[in-house]
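Keep in mind that the numbers below use all heavy atoms, side chains included, and drop hydrogens, waters and symmetry copies. Each chain gets a letter, A, B and so on, in the order the sequences are listed, and its residues count up from 1.
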Number of protein chains: 2
Amino acid sequence: MSVDEGPSAAQRRAPTLEAVAELAGVSRATVSRVVNDSERVSPEAREAVTAAITALGYVPNRAARSLVTRRTDTIALIAHERPDTVFADPFFASVLRGANQALSLTQLQLVLLQVQGDQQRDRALRYVGNGHVDGVLLLSLHGDDTLATSVSKAGVPLVMAGRLLTGEVVDSVDADNVGGAGLAVRHLVATGRRRLATIAGPLDMSVGVDRLRGYTEAVLEAGLPDAATRIAAGDFTEAGGRAAAARLLAEHPTLDALFAASDLMALGALRALRAAGRRVPEEVAVIGFDDAAPAAYTDPPLTTIRQPVERLGQEMVRLLLRRIGDGPGEPVAVVLPTELVVRSSA
Amino acid sequence: MSVDEGPSAAQRRAPTLEAVAELAGVSRATVSRVVNDSERVSPEAREAVTAAITALGYVPNRAARSLVTRRTDTIALIAHERPDTVFADPFFASVLRGANQALSLTQLQLVLLQVQGDQQRDRALRYVGNGHVDGVLLLSLHGDDTLATSVSKAGVPLVMAGRLLTGEVVDSVDADNVGGAGLAVRHLVATGRRRLATIAGPLDMSVGVDRLRGYTEAVLEAGLPDAATRIAAGDFTEAGGRAAAARLLAEHPTLDALFAASDLMALGALRALRAAGRRVPEEVAVIGFDDAAPAAYTDPPLTTIRQPVERLGQEMVRLLLRRIGDGPGEPVAVVLPTELVVRSSA
DNA sequence: CTGAAAGCGCTAACAT
DNA sequence: ATGTTAGCGCTTTCAG
């Protein structure tokens with residue numbers, strides 16, 4: 001048995017302002033005022049209108065409104081990813097969740113713009129640049145910054161995650177990656193480790209750069225200059241982490257702790273260590289950053305530096321809303337705290 | 001240094017049809033015809049218009065168009081989740097990716113409607129019911145079907161993932177869960193296992209029901225009626241899987257194979273087995289369904305039944321587009337094949 | 001094949 | 001405090 005469809009929504013025309021006005025015995029303008037709860041409207045009028053609205057099930061027509069106000073009540077989330085990349089990135093999903101949450105307090109809608117090739121890039125840019133959205137959230141997973149500046153140049157409010165490596169400053173929200181990496185190092189040192197090494201992320205992304213910098217600064221501060229030289233590059237993937245760990249292990253057989261700049265790389269490191277017959281954490285402690293991939297899935301659970309990914313999404317929206325409301329101004333860079341989450345005895 | 005913002009997009013008005021018409025020396029109507037590449041337009045006119053369009057960088061104003069056509073060129077993805085649920089579900093992200101991919105071939109935009117409480121539910125329903133979108137993709141993670149029927153009743157084209165348990169039929173795309181579970185059982189039996197048990201998913205979701213049914217039918221067919229009684233309920237989470245496995249193990253200490261109806265539950269089972277000192281897969285083989293959670297993260301990698309999650313998203317969009325284009329008709333239920341992916345010697 | 005004209009439903013001056 | 005009016009940019013009859 002199929003669900004009864006009735007007349008399609010496109011056919012059965014929704015009630016208009018006009019209808020509400022008539023039923024309430026006022027003018028369209030008054031109804032509009034009530035709907036946008038602006039200006040002074042007499043209590044009686046307001047009540048009559050409200051009643052009519054509920055009676056009719058009136059919902060404002062977004063298109064009509066948008067046509068005159070030039071606002072769209074819509075913001076775009078642009079995820080710029082290379083063809084090879086996983087859109088199913090848990091980081092992305094968590095940010096999305098946070099953003100949606102913050103947005104659910106407003107009347108705004110979120111549209112998703114996935115950018116892969118140059119063609120999609122241009123399409124997204126045109127879409128955004130032509131007033132189809134009130135603002136843009138940019139998740140530039142690859143530190144590719146031309147999108148950010150393009151959007152910004154188009155005069156559309158923009159908030160990005162992370163920061164640009166070019167030195168240009170746009171509104172952004174980021175986790176305290178430098179501080180977090182320091183946290184990891186100090187934890188390892190405090191638990192007696194001395195021969196540290198790190199698996200760094202891609203250095204064309206601010207997050208990769210910052211986590212490496214945090215590591216380096218902290219090991220130097222701890223009086224472990226050698227550790228600052230034990231660096232292997234990873235690419236934020238499990239395979240990359242595994243390979244990097246294997247290399248480090250080969251070059252520095254005596255290392256007793258590994259800081260991986262991402263959760264997936266930490267997982268890879270764990271595997272490499274196991275494959276090499278090293279015991280974790282007895283022989284080699286592993287600590288990773290937590291980018292929302294299931295770090296807790298590892299066995300044993302790895303100690304991690306947690307960044308508040310969901311909150312990051314929330315803050316991005318909050319900042320964007322502020323910018324949309326207040327207009328342009330000095331760019332703001334919000335930095336969210338990171339946190340050490342001890343999960344094993346490492 | 002901050003990015004130069006210039007006049008905001010809202011201020012600097014985008015070129016209109018009118019402008020294009022003037023530059024091309026034709027009427028607005030002709031430009032409109034060219035833009036919608038419809039009707040007969042003389043080659044010369046078409047060319048002049050095209051040139052003017054590129055010269056001006058014209059992009060149609062969606063709001064204006066939508067106002068008259070009553071189409072929105074927008075479809076909504078509704079994810080209905082209970083408060084406790086993970087939006088960061090890898091399944092969701094993969095479906096999203098697939099949907100976006102299919103959509104990128106069109107001019108449609110995707111808006112995301114996250115539904116958590118009743119309030120958000122109603123809001124989404126009003127939004128959808130009032131012609132703000134041309135169609136709806138429903139990811140009812142919890143088998144809650146009232147949303148589906150509500151949307152359908154509102155006359156808005158709808159495609160859901162999975163199927164309704166009420167027996168109502170709406171357009172849907174689903175993986176072959178029954179067949180997949182059968183695949184798992186036959187694989188286990190073929191590799192010499194005889195004392196099977198299953199960790200079932202929630203039975204208020206079609207996916208839970210179907211995977212259990214597939215298991216049951218297959219073990220009966222294999223002449224293992226006892227296996228049909230060894231069922232523990234899980235909730236698709238790692239913790240649930242772990243607890244269920246522990247229970248099964250306690251009741252049936254001699255079991256030699258476990259079919260988990262989700263990847264996370266398979267992971268939980270793996271942990272429970274390890275905690276109980278059982279070796280995997282030597283003593284107990286574990287096989288799980290692959291819902292896009294990182295099943296490959298387990299160590300050893302688990303053999304899984306893969307469902308094509310990304311394609312599911314694509315097919316949902318395709319079906320929806322067809323429905324939007326062709327209008328109502330007999331509901332279609334697309335079933336996607338599942339596949340055995342052998343990863344260990346289990 | 002093309003143009004003129006009439007709105008789509010709403011908001012925002014401007015009156016009153 | 002409320003009503004009147006003039007569009008927003010586009011599509012779509014209807015004439016020609």
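Minimum atom distance to the side chain of A:V41 is reached by D:dT2, of the listed C:dT2, D:dT2, C:dG9.
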* Asked: Which letter, B, S or -, goes with each nucleotide of nucleotides 10-16 of chain C from 5' to 3', with contact meaning a protein heavy atom under 4.0 Å?
  -> BBBB---

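Every residue two or more places apart in sequence or in another chain that forms a salt bridge (Lys or Arg N to Asp or Glu O under 4.0 Å) with B:E315 is listed here: B:R311, B:R318. Listed by chain and number, the residues in a side-chain hydrogen bond (donor to acceptor under 3.5 Å, both in side chains) with A:Q109 amount to none (sequence neighbours excluded). Residues satisfying the side-chain hydrogen bond (donor to acceptor under 3.5 Å, both in side chains) criterion with B:S150, sequence neighbours excluded, are absent altogether. Applying the salt bridge (Lys or Arg N to Asp or Glu O under 4.0 Å) test to A:R71 and every residue at least two apart in sequence or in another chain returns A:D73.
Every pair tested for ring-ring contact (aromatic ring centres under 6.0 Å, His included) that includes a residue from residues 41-62 of chain A fails, sequence neighbours excluded, so the list is empty. Within the structure, side-chain hydrogen bond (donor to acceptor under 3.5 Å, both in side chains) pairs that include any residue of residues 320-329 of chain A comprise A:D171-A:R323 (at least two apart or interchain).
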Could you pull out all donor-acceptor pairs under 3.5 Å where a side-chain atom in residues 21-29 of chain B meets a protein atom, sequence neighbours excluded?
residue : atom : partner : partner atom : Å
B:S27   : OG   : B:A29   : N            : 3.4
B:S27   : OG   : B:T30   : N            : 3.4
B:S27   : OG   : B:T30   : OG1          : 3.4

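A close approach under 4.0 Å does not occur between any side-chain nitrogen or oxygen of A:S42 and OP1 or OP2 of D:dA1. Regarding contacts with the backbone of D:dC8, every side-chain N or O of A:S66 stays at 4.0 angstrom or more from both OP1 and OP2.
Direction of the helix axis in the helix from C:dC1-D:dG16 to C:dT16-D:dA1 shifts by 30° between the two five-pair termini, rounded to 10°.
The residue among B:G25 and A:A63 whose nearest nucleotide of DNA chain C is located toward the 5' end is B:G25.
No side-chain N or O of A:T16 forms a donor-acceptor pair with one of A:E18 less than 3.5 Å apart.
Distance, B:D37 CG to D:dC10 C1': 16 Å, rounded to whole Å. Between A:E22 atom CD and C:dG9 atom P there is a gap of 14 Å when expressed in whole angstrom units.
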